[in-house]
Amino acid sequence: QVQLVESGGGLVQPGGSLRLSCAASGIIFRIDTMYWYRQAPGKERELVADISRGGRTNYADSVKGRFTISRDNAKNTVYLQMNNLKPEDTAVYYCNIRLRAQYWGQGTQVTVSS
């Protein structure tokens, strides 16, 4: 049994910052790449960023230069630091890991609004 627990979402004004966390627990020996996705109302879920176990990262063009993904392998936790937030970043953010099966967090709401 694997569970992902996400936290850090909230309401922030444009230009503000948030830091999302997602901790994996359960029967986990090794996690390779960890992923952050988001889904806005009426839109498809999209990949925001991912990070390999060794720390190699990828970002969607829309968040490059503003978001930073990181991880703590000892804690089985992935983070997403979001700076200079824009209204278009409003979405539910989900973390994901891929073992034999895929596992998803419950999602955390990020709302960017004045």
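Keep in mind that the numbers below use all heavy atoms, side chains included, and drop hydrogens, waters and symmetry copies.
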- [ ] Could you pull out all residues at least two apart from Y37 that satisfy ring-ring contact (aromatic ring centres under 6.0 Å, His included)?
- [x] W104
- [ ] Would you mind listing every salt bridge (charged side-chain N to carboxylate O under 4.0 Å, His left out) that reaches into residues 39-54, with sequence neighbours excluded?
- [x] R38-E46
- [ ] Please collect all salt bridge (charged side-chain N to carboxylate O under 4.0 Å, His left out) contacts where either partner lies in residues 66-86, sequence neighbours excluded, each pair once.
- [x] R66-D89
Taking C-beta and beyond as the side chain, do [X] and [Y] meet within less than 4.5 Å on heavy atoms?
X    : Y   : result
V110 : T90 : no
I69  : W36 : yes
M34  : N96 : no

TODO: With rounding to the nearest 0.5 Å, note down the distance linking OH in Y35 to OG in S52.
DONE: 9.5 Å
Task: Pairs flagged by ring-ring contact (aromatic ring centres under 6.0 Å, His included) wherever residues 45-74 is involved - sequence neighbours left out - done: none
TODO: Give the C-alpha distance, both sets of side-chain angles, the deciding distance and a yes or no for side chain to side chain contact (heavy atoms under 4.5 Å, CB included) between R98 and Y103.
DONE: CA-CA 6 Å; R98 300 174 183 181; Y103 296 92; over 6 Å; no
Open item on the list: Show the nearest heavy-atom pair for residues L4 and Q106, with the distance to one decimal.
Closed with: O-OE1, 3.4 Å
Open item on the list: Applying a strict under-4.5 Å side-chain criterion to I, L, V, M, F, W and Y, I'd like to know whether L85 and Y79 cluster together.
Closed with: no
- [ ] Spell out, yes or no, whether Y94 and L47 are grouped together once hydrophobic residues are joined by side-chain heavy atoms under 4.5 Å, including indirect joins.
- [x] yes
Return a table of donor-acceptor pairs under 3.5 angstrom between the side chains of residues 10-33 and protein atoms on other chains or two or more places apart.
{"unit_1": "S17", "atom_1": "OG", "unit_2": "N83", "atom_2": "OD1", "d": "2.9"}
{"unit_1": "R30", "atom_1": "NE", "unit_2": "D32", "atom_2": "OD1", "d": "3.3"}

TODO: Kindly indicate, with the supporting measurements, whether the criterion side chain to side chain contact (heavy atoms under 4.5 Å, CB included) is fulfilled by T108 and V92.
DONE: CA-CA 5 Å; T108 185; V92 178; over 6 Å; no
Open item on the list: Who clusters with V5? Use side-chain heavy atoms, under 4.5 angstrom, across I, L, V, M, F, W and Y, and order the result by chain and number.
Closed with: none
Task: Results of side-chain hydrogen bond (donor to acceptor under 3.5 Å, both in side chains) for T111 - residues two or more places apart only - done: Q109
- [ ] Count the heavy atoms of every other residue, nucleotide or ligand shown that sit under 6.0 Å from CD of Q1, and state whether that count exceeds 12.
- [x] no
- [ ] Any chance you could lay out the side chain to side chain contact (heavy atoms under 4.5 Å, CB included) test for Q39 and Y93, step after step, and finish with the verdict?
- [x] CA-CA 7 Å; Q39 187 166 26; Y93 284 71; over 6 Å; no
